[in-house]
Amino acid sequence: MTHNKKIVMTYMKGFEKSDHETILSCLADDVTWYMPGMFHLSGKKEFDNEIQNENFVGSPVIEISRLTEENDVVVAEGNVKSQMKSGEFLNAMFCDVFEFENGIIKQLTTYQVEK
């Protein structure tokens, strides 16, 4: 597995444990996270605030079905499940596009749709 793919897997495992330190260690200080139709975050502080979104309870379950890499871009496809505070569950498919610079994540674009 390449360095960039290992970083993506570390990042995902961090999310499954709501491990802020692990997740943030994978990111550039000026990281951006864009989720079309939902939000656009800039910097580690804004990113950190979204790790445990106030609408959810506990940590998500993430299943990666495919990791594809070309140059400094890794695309992760998979499924995510998480309990919401409302009692409902998020059950979605996602495609995350990670752009790397100097061996860490510089930009993330997340496309997500309910199953």
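Reckoned from all heavy atoms, side chains included, excluding hydrogens, waters and symmetry mates. Numbers for residues simply follow the sequence, beginning at 1.
Side-chain contact check for V31 versus W33: every heavy-atom pair is 4.5 Å or farther apart. Within the 4.5 Å cutoff, the side chain of T109 has heavy atoms near those of the P36 side chain. Two residues are said to be in side-chain contact when any heavy atoms from C-beta on lie closer than 4.5 Å; E77 and S65 meet this criterion. In this structure, K85 and N55 have side chains that are not in contact, with every pair of non-hydrogen atoms separated by 4.5 Å or more. Within the 4.5 Å cutoff, the side chain of F100 has heavy atoms near those of the V74 side chain. At a threshold of 4.5 Å between non-hydrogen side-chain atoms, the residues K115 and N79 count as touching. Counting only heavy atoms from C-beta outward, the side chains of F47 and L108 approach each other to under 4.5 Å.
Clustering ILVMFWY residues whenever any of their side-chain heavy atoms sit less than 4.5 angstrom apart, transitively, puts F15 in the very cluster that holds F56. Under the 4.5 Å side-chain heavy-atom criterion for grouping Ile, Leu, Val, Met, Phe, Trp and Tyr, M93 is not connected to M12 through any hydrophobic cluster. Follow the hydrophobic side-chain contacts under 4.5 Å out from Y11 and you reach M35 in the same cluster.
With values rounded to the nearest 0.5 angstrom, I105 atom CD1 is found 12.0 Å from D72 atom CG.
In this structure, I104 and S25 approach most closely via the heavy-atom pair CG2-O, 4.3 Å. Nearest approach of N71 to E69, heavy atoms of both residues: O-OE2, 3.6 Å. Taking each heavy atom of N91 and E114 in turn, the nearest pair found is O-OE1, 3.4 Å.
Counting non-hydrogen atoms of other residues, nucleotides and ligands closer than 6.0 Å to CE of M84 gives a total above 12. M9 CE: more than 12 foreign heavy atoms inside a 6.0 Å radius. Heavy-atom contacts from other residues, nucleotides or ligands closer than 6.0 Å to CD of E21 number 12 or fewer.
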